[in-house]
Amino acid sequence: MTQQRTLSRSSYILVICCIAAIGGFLFGFDSGVINGTVDGLQTTFNSDSAGTGFNVASMLLGCAIGAFFAGRLADRFGRRTLLIVAAVFFLISAWGSGVAGSSMEFVLYRILGGLAVGAASVMTPAYISEVAPSAYRGRLATIQQVAIISGLFFAFLSNYVLAYVAGSATTELWFGFATWRWMFWIELIPAAVFLVALLFIPESPRFLISTGKQGEARRVLGLVMPERDVSTKIDEINTTLDQDHKPRLSDVMNRTTGKLHGIVWVGIGLAVFQQLVGINVVFYYGAVLWQSVGFSEGDALLINVISGAVSIGACLLAIALIDKIGRKPLLWGGSVGMAATLACLSYAFSTATMVDGSLQLSSDMGVFALLCANLYVLFFNASWGPVMWVMLGEMFPNQMRGSGLAIAGLFQWLANFGITMTFPIMLASIGLFGAYGFYAISAVASVFFVIYFVKETRGKELEAMAYE
């Protein structure tokens with residue numbers, strides 16, 4: 001009977017974590033769908049390189065704002081409530097991005113979608129960390145990255161299929177609308193599923209306790225842990241929450257020194273380095289990148305699909321390892337692998353020659369670059385991709401989790417915006433060799449950051465996380 005209850009409890013935890021992770025799927029889909037629409041946006045809105053860069057990167061401004069305010073608003077209204085708001089924003093953004101008649105209108109809808117992505121990016125790992133037992137919290141939190149990569153994969157796949165059916169992203173598909181518009185509208189389906197599914201999951205028990213709803217928190221904890229342990233867990237959570245005030249932004253400050261707690265700086269470092277290695281250049285500009293070195297539009301979109309499949313496999317590897325070998329070894333090991341593969345990519349692109357006004361790689365070097373790119377994606381998604389989100393969701397003490405996530409999320413998306421916005425400029429000024437050289441140097445720096453500043457969190461209860 002006890003074994004049956006344990007199995008039932010585990011199944012329930014898995015289900016609610018998977019529902020929360022649909023936010024990650026939409027995060028990935030919304031980020032990846034732009035990849036196949038760049039040509040359509042340039043043609044429809046007649047934008048130059050800088051304009052195209054802003055059209056692509058505009059969502060990230062919304063992400064930064066959404067990530068920062070979601071953490072604070074979630075401390076006030078709840079994790080589940082913010083995820084529901086994000087689901088509504090996903091629906092509006094997906095529809096509006098497809099119907100946009102001007103660059104400005106498109107940017108506004110993308111920023112709205114960015115608010116949803118930013119909120120989901122910090123609330124999903126926070127929610128999962130707060131309902132998952134410590135013994136397999138890492139594996140459950142890694143579902144977020146699997147969902148993100150699955151969203152990217154299905155965005156790449158739907159882009160490829162739609163472009164294949166229509167002939168290209170710029171031609172009409174159904175009902176007189178261009179294919180690139182349908183690429184955005186596909187997102188309406190998972191966004192609607194997310195909104196409905198969220199109505200059937202409970203609020204985070206740690207949030208309920210922080211707002212004085214002890215009875216409701218006891219009920220939820222009874223669903224995710226043995227009844228005999230509920231009272232002890234409630235006492236532990238209460239102990240870690242300052243009873244004189246609810247969680248607030250100022251909790252990230254050391255009251256003695258007046259400076260940010262060290263753990264907040266570590267969170268910022270993790271968030272920024274995840275972007276400085278250039279992963280979203282591959283996700284956002286993959287089709288443009290491969291076309292720029294001689295691949296056709298169809299082949300470039302297919303390469304994106306392959307990279308998405310590799311990413312999912314890498315995330316599954318991370319799930320198998322994260323609670324066995326820990327977070328820190330995965331991070332520094334991934335950094336070493338990314339540094340090597342990025343350096344190889346930089347070398348490969350340095351051999352490209354100009355043919356009829358565009359770059360061309362030799363057939364052998366093209367295969368080499370493709371292999372290195374997919375190895376790079378594999379290293380990222382077996383390490384920094386999932387582990388950064390896992391650590392941000394669990395590394396902060398209860399009192400400052402919402403605020404710590406808000407600040408780290410803000411820096412993550414600002415770094416993402418900077419890398420995404422500057423890639424077309426770097427491509428035009430220093431070329432792919434220079435751009436990927438910079439990302440390789442950043443990966444090398446991240447090795448030392450992890451070794452000297454990041455502390456292991458494997459197996460620790462959330463109530464044991466220290467301010468430092």
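Remember, predicted model here, so these are calculated numbers, not experimental data. One is the number of the first residue; the rest follow in order along the sequence.
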> Step by step, would you call Phe25 with Phe194 a side-chain contact (heavy atoms from CB on, under 4.5 Å)?
Replying inline: CA-CA 9 Å; Phe25 180 92; Phe194 186 41; over 6 Å; no

> Any side-chain heavy-atom pair from Leu392 and Gln412 closer than 4.5 angstrom?
Replying inline: no

> Closest heavy-atom contact between Asn381 and Pro386?
Replying inline: O-CD, 3.3 Å

>> Give me the atom names and distance for the closest heavy-atom approach of Ala120 to Leu83.
In response: CA-CD2, 4.3 Å

>> I'd like to check the side-chain hydrogen bond (donor to acceptor under 3.5 Å, both in side chains) partners of Ser93; sequence neighbours left out, ordered by chain and number.
In response: none

>> In the structure I gave you, are the side-chain heavy atoms of Phe411 and Gln275 within less than 4.5 Å of one another anywhere?
In response: no

> Do side-chain atoms of Asp30 reach the backbone of Leu26 as a donor and acceptor pair under 3.5 angstrom?
Replying inline: no

> Between the side chain of Ser442 and the main-chain N/O of Val277, is any donor-acceptor distance below 3.5 Å?
Replying inline: no

>> Within a 6.0 Å radius of atom CZ on Phe449, are there more than 12 heavy atoms belonging to other residues, nucleotides or ligands?
In response: yes

>> Just verifying a value: how many Å separate Leu91 CG and Ile189 CD1, rounded to the nearest 0.5 Å?
In response: 11.5 Å

> Which residue pairs pass the side-chain hydrogen bond (donor to acceptor under 3.5 Å, both in side chains) test with at least one member in residues 333-344, sequence neighbours excluded?
Replying inline: Ser335-Trp384, Ser335-Ser446

> Less than 4.5 Å apart, any side-chain heavy atom of Tyr376 and any of Ile279?
Replying inline: yes

> Atom CG of Leu375 and atom CG of Leu342: how far apart are they, to the nearest 0.5 Å?
Replying inline: 11.0 Å

> Does any non-hydrogen side-chain atom of Thr81 lie less than 4.5 Å from one of Glu203?
Replying inline: yes

> What are the two closest heavy atoms between Gly334 and Ser383, and how far apart are they?
Replying inline: CA-OG, 3.3 Å

>> Could you check whether any side-chain heavy atom of Ile209 comes within less than 4.5 Å of a side-chain heavy atom of Gln214, counting everything from C-beta outward?
In response: yes

> Are the aromatic rings of Tyr436 and Tyr439 close, with centres under 6.0 Å apart?
Replying inline: yes

>> So, using side-chain hydrogen bond (donor to acceptor under 3.5 Å, both in side chains) as the criterion, who are the partners of Arg80 when residues are at least two apart?
In response: none

> What's the shortest heavy-atom distance between Ile268 and Ile407, and which atoms?
Replying inline: CD1-CG2, 3.8 Å

> Below 4.5 Å, heavy atoms only, C-beta onward: do Leu331 and Leu270 meet side chain to side chain?
Replying inline: yes

>> Can you confirm whether Ile16 sits close enough to Tyr127 that some side-chain heavy atom of one is under 4.5 Å from a side-chain heavy atom of the other?
In response: yes

> What are the two closest non-hydrogen atoms of Ile186 and Pro190, and how far apart are they?
Replying inline: O-CD, 3.4 Å

> Heavy-atom distance under 4.5 Å between the side chains of Val454 and Met391, does that happen here?
Replying inline: yes

> Quick check: does any side chain N or O of Lys328 sit under 3.5 Å from a backbone N or O of Ile451, one acting as donor and the other as acceptor?
Replying inline: yes

> Is there a donor-acceptor contact under 3.5 Å from the side chain of Ser97 to the main chain of Ala94?
Replying inline: no

